[in-house]
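Worksheet for the structure shown next.
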Amino acid sequence: MYLALLVIFLHCSELYAQERVFTFNMVEIKVQPSVKVKNGAPMSIICHADISKKNDFQLSHNFTIFKDGKLVFMITSDKGEARYGIPVARSSDTGLYECAVEAGGKTKSSKSLHVWVTGLTKPILTAEKKEVLEGEVVKLRCELPEEASPLYFVFRKIKMNSKPNEKHVSESHRNFSTVEFSVEEEDNILHFDCLVRRLVNLELETSEPSNRTLVTVKEPFIKPTLKAKPSSNITEGDRIQLECSTVVARMHDIEIILQKNRTILNSVRDEKLLKYSAVATLEESGEYLCKVEQGRASKTTKLNVVVAELFPKPVLTASAIKLDENKELTLSCSISGFRKANFSILRKNSNGDIWFKNSRNLTMRVHVNDTGSYICKAEVKGIVKESKPVRINVYAPVSKPTLSVVSGLPEVVLGKPLQLICRSVMGTPPITFKFYKGNEIKKTVVNDTYAVFLDENIRRNDKGGYKCDARNDHSSGMKTSNILNITVIVPIRNASLGSNPYGEVEDGSDTAFLCSVKEGSWPIHFKIFKKTDHEVLLFEKSENADRILWRKEAMSRQDTGTYYCIASNRANVDVKSHPITISVVLAAWQKGVIAAFVLIPIAGAIALTLWWFLFKKKTAQRPSMEMSGSALATNLTSEKLTRQNNDGDYYSRSGYIEDGENHMKSTDENKGPDLESAEVEYTEVEVSTLDPHRAV
């Protein structure tokens with residue numbers, strides 16, 4: 001039964017689902033009255049869903065509205081449209097709107113729509129104080145309660161007949177801003193306002209100015225008064241007195257300062273009056289400034305003071321400004337149009353001026369240490385004035401200069417620069433030195449006691465003619481050095497090494513080595529080396545020649561090797577030759593002895609071998625002949641005995657020998673190759689040779 005009910009329920013659910021078929025055709029968003037709304041006007045954001053249904057049934061819709069990706073409105077409705085109303089639109093409502101509709105498990109979103117609320121509300125400005133003192137600050141607050149950040153605030157300080165002073169503040173996270181303005185001197189009645197700006201769609205919107213706020217400024221003290229007594233026009237020597245005063249509302253932390261050319265002359269604190277007194281000089285002329293300060297408040301007053309000249313500066317004259325030592329010098333001090341003064345003549349010195357005489361005139365015989373700058377001073381009514389300095393130079397004559405080579409020796413390597421020094425031991429500087437090469441002036445130098453000349457154009461024929469002269473402003477004139485002769489050293493070039501004999505040298509013989517150079521100044525230092533694991537110096541000598549000969553006696557096998565030479569002179573450059581190779585070989589007599597010792601044993605061995613071979617051969621032939629003869633003799637005897645027995649003939653022993661001999665001869669003559677073969681056979685079986693006496 002339960003199974004039947006379950007089947008019925010599932011069937012009914014399927015029929016119900018088939019009856020609730022729908023689809024979204026479109027979801028759109030729109031704004032009323034338009035996408036561009038004036039600030040403060042009402043506006044509505046409408047989200048509409050266009051849905052198609054198979055049957056007529058109730059469908060619940062979930063509407064969601066977003067602004068710039070953030071949720072701003074949500075509602076559930078059976079209707080196909082939802083409205084998000086904004087009674088008062090503000091610039092913060094500007095943005096990108098879109099909506100989404102969810103129904104029956106399906107969701108669809110609209111396209112985005114940009115809404116622009118134009119204009120900003122009027123900002124509100126408030127001031128912390130309506131009345132301030134000079135030097136204090138005015139604190140202001142500008143706000144737009146119904147607007148949202150980011151906002152850009154502009155505060156303005158407005159004075160009569162002057163351009164407004166503006167301050168700009170950017171606020172990223174709040175809709176208000178604060179700022180401070182300093183109240184300066186001569187700020188009496190001030191007006192402040194503000195305005196706000198905002199960037200929308202790459203366009204800058206600006207609000208109308210805020211309410212204008214009035215701030216009244218009170219003076220903590222009046223502008224100071226600066227006076228000069230007896231007057232602002234006085235004469236040198238008179239005493240001048242300056243007074244600076246003010247009226248203060250509150251005597252606390254008030255300060256009065258007197259300045260001239262930014263230099264503070266005097267100051268007082270917590271007082272209303274400042275006094276300054278001095279003896280007037282021309283240096284006292286100029287503009288004086290009195291400044292009164294209290295807190296941030298400051299006021300100034302200026303006064304120009306003119307001090308008339310009592311007498312002009314004295315003038316110092318000299319009979320001469322350049323003198324030889326032991327000459328007479330006269331100095332005179334005078335004031336144009338004025339004679340009644342106290343004069344003194346002094347010489348300037350870094351440790352204090354040196355006094356000479358209290359008089360307008362001074363005559364003295366000068367020495368070198370009297371060189372210096374002289375002045376005269378004149379005093380009238382306590383006013384002391386100083387003349388311009390006069391430079392006096394006293395000269396001692398220069399001594400005869402000496403010319404030498406800086407390196408010491410009067411020589412120079414060809415191609416290298418020559419540095420000369422000209423020195424004058426005596427003489428008051430500055431000294432003018434001139435260098436000559438021959439009769440040509442090469443260089444002029446002004447220095448104290450010496451001068452240096454560098455000749456970079458050295459040639460082979462530059463052997464002399466250098467000189468220098470020295471002079472200063474002494475009347476004795478110029479002094480000339482002795483002529484300096486220079487030796488030009490030609491560096492070594494192309495060293496070479498040869499030998500006689502060359503290449504191969506017999507053992508025990510002498511070898512001559514010749515080291516030579518193509519050019520180079522004498523003396524030349526020659527060195528001959530043999531190259532082994534390390535350099536071995538064999539010979540060295542200095543010669544006033546471009547070559548040197550060295551003879552090495554009794555060369556041996558140990559002298560085989562590589563040789564080279566090095567040549568140098570005062571140019572201090574070692575020039576190395578190409579190496580040569582020497583091989584020490586056996587002498588002729590040594591070869592003969594070796595041949596004798598080697599060949600005689602060999603010849604003896606060969607002769608002994610040949611003798612042995614011949615002897616062996618001869619020894620082998622003798623047994624063969626004897627055995628052959630015995631056999632033949634036996635055969636013949638047997639044959640004769642047979643014949644004798646048969647024929648009855650008788651032969652004596654001698655007849656046997658002759659026959660035998662004749663038979664051997666004939667046999668020998670007729671045997672041919674067969675005999676030779678027999679001989680070989682007998683030779684092979686020599687160990688079993690028959691005894692020849694058995695045949696006898």
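Numbers here are sequence positions counted from 1.
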| Would you say the side-chain atoms of R471 pair up with the backbone N or O of G477, donor to acceptor, closer than 3.5 Å? | no
| request: Keeping the roles fixed (side chain from D324, backbone from K327), state whether a donor-acceptor pair exists under 3.5 Å. | output: no
| query | Is the closest side-chain donor-acceptor distance between K400 and N482 under 3.5 Å? | reply | yes
| Are any of the side-chain nitrogens in E519 or R493 under 4.0 Å away from the carboxylate oxygens of its partner? | yes
| Would you call K377 and E379 a salt bridge, taking side-chain N to carboxylate O under 4.0 Å as the test? | no
| said: With a 6.0 Å cut-off (strictly less than), is the heavy-atom count around CG of L273, excluding the residue itself, greater than 12? | reply: yes
| task | Might you point out which heavy atoms bring F435 and A451 nearest each other, and give the distance in Å? | result | CZ-O, 3.4 Å
| field | K479 side chain vs V398 backbone, donor-acceptor pair below 3.5 Å | value | yes
| said: Is any side-chain heavy atom of T371 closer than 4.5 Å to one of R391? | reply: yes
| request: Mark yes or no for whether K223, through its side chain, and T301, through its backbone, hold a donor-acceptor pair below 3.5 Å. | output: no
| said: To check you understand the geometry: which heavy-atom pair defines the closest contact between V452 and Q419, and what is its length? | reply: CG1-NE2, 3.3 Å
| said: Run K291 and S298 through side-chain contact (heavy atoms from CB on, under 4.5 Å) and show every step you take. | reply: CA-CA 7 Å; K291 180 185 290 186; S298 176; 3.7 Å; yes
| said: Give me the atom names and distance for the closest heavy-atom approach of A567 to V517. | reply: CB-CG1, 3.5 Å
| task | Output yes when a side-chain donor or acceptor of H367 lies under 3.5 Å from a complementary backbone atom of N369, and no otherwise. | result | no
| Would you say the side chain of V405 lies within less than 4.5 Å of the side chain of V412, judging by non-hydrogen atoms? | no
| request: Show your working on side-chain contact (heavy atoms from CB on, under 4.5 Å) between C290 and L274 and close with a plain yes or no. | output: CA-CA 9 Å; C290 178; L274 177 146; 5.9 Å; no
| Side chain proximity check, I383 to V279, heavy atoms < 4.5 angstrom | yes
| Taking the side chain as C-beta and beyond, is there a heavy-atom pair between L497 and L514 under 4.5 Å? | no
| query | Is a side-chain N or O of N569 found less than 3.5 angstrom from the main chain of V490, in a donor-acceptor match? | reply | yes
| field | Over all atoms of both residues, closest heavy-atom pair of V413 and P491 | value | CG1-CG, 3.7 Å
Using distance only, find each side-chain donor-acceptor pair of residues 341-358 under 3.5 Å and give its atom names and separation, not counting sequence neighbours.
{"unit_1": "N349", "atom_1": "OD1", "unit_2": "N351", "atom_2": "N", "d": "2.8"}
{"unit_1": "W355", "atom_1": "NE1", "unit_2": "N358", "atom_2": "OD1", "d": "2.8"}

| query | Would you call K159 and D187 a salt bridge, taking side-chain N to carboxylate O under 4.0 Å as the test? | reply | yes
| Is there a donor-acceptor contact under 3.5 Å linking the side chains of S424 and S399? | yes
| Does atom OH of Y152 have more than 12 heavy-atom neighbours from other groups under 6.0 Å away? | yes
| query | Salt bridge or not for K442 and E440, using N-O below 4.0 Å? | reply | yes
| request: Verify the distance criterion only: is there a donor paired with an acceptor across the side chains of S516 and S496 at less than 3.5 Å? | output: yes
| query | Between the side chains of N472 and T428, is a donor N or O closer than 3.5 angstrom to an acceptor N or O? | reply | no
| message | For S481 versus L403, what's the shortest heavy-atom pair and its separation? | response | OG-CB, 3.8 Å
| Considering only heavy atoms from C-beta outward, does the side chain of I240 approach that of D238 to under 4.5 Å? | no
| field | Minimum side-chain heavy-atom gap I431-Y450 below 4.5 Å | value | no
| How far apart are the closest heavy atoms of I528 and C565, and which atoms are they? | CG1-CB, 4.1 Å
Side chains of residues 303-320: which donor-acceptor pairs under 3.5 Å do they make with residues two or more places apart or in other chains?
{"unit_1": "E309", "atom_1": "OE2", "unit_2": "K385", "atom_2": "NZ", "d": "3.4"}
{"unit_1": "T317", "atom_1": "OG1", "unit_2": "S332", "atom_2": "O", "d": "3.4"}
{"unit_1": "S319", "atom_1": "OG", "unit_2": "T330", "atom_2": "N", "d": "3.0"}

| Taking C-beta and beyond as the side chain, do V505 and S583 meet within less than 4.5 Å on heavy atoms? | no
| query | If you count the non-hydrogen atoms of other residues, nucleotides and ligands that lie under 6.0 Å from CG in N544, is the total more than 12? | reply | yes
| field | Whether R551 side chain and A512 backbone form a donor-acceptor pair below 3.5 Å | value | no
| query | Counting only heavy atoms not in M364, do more than 12 fall under 6.0 Å of its CE? | reply | yes
| said: When you compare the side chains of R570 and S521, does any donor N or O come within less than 3.5 Å of an acceptor on the partner? | reply: no
| Could you walk me through whether I580 and S499 pass the side-chain contact (heavy atoms from CB on, under 4.5 Å) check? | CA-CA 8 Å; I580 63 173; S499 68; 3.9 Å; yes
| task | Please confirm whether the backbone N or O of S285 pairs with a side-chain atom of K260, one donor and one acceptor, at under 3.5 Å? | result | yes
| message | For F539, run the ring-ring contact (aromatic ring centres under 6.0 Å, His included) check against F529, W550, F526 and tell me which one passes. | response | W550
| query | Can D473 and N393 be said to form a side-chain contact (heavy atoms from CB on, under 4.5 Å), step by step? | reply | CA-CA 9 Å; D473 287 327; N393 293 302; over 6 Å; no
| request: Ignoring hydrogens and angles, tell me if any N or O in the side chain of K541 forms a donor-acceptor pair with the backbone of L549 under 3.5 Å. | output: no
| query | Can any side-chain N or O of Q241 pair as donor or acceptor with the backbone N or O of K229 at less than 3.5 Å? | reply | no
| task | Assess the side chains of E184 and S182: does a donor N or O sit below 3.5 Å from an acceptor N or O? | result | no
| field | Validation row, ring centre F513 to ring centre Y563 under 6.0 Å | value | yes
| said: Tell me whether the NZ or CZ atom of K467 lies within the 45° cone about the ring axis of Y436 and under 6.0 Å from its centre. | reply: yes
| task | Give a yes/no verdict on a cation-pi contact between K167 and F181, requiring under 6.0 Å between NZ or CZ and the six-membered ring centre and an angle within 45° of the axis. | result | yes
| field | Student check: side-chain heavy atoms of I492 and I524 closer than 4.5 Å | value | yes
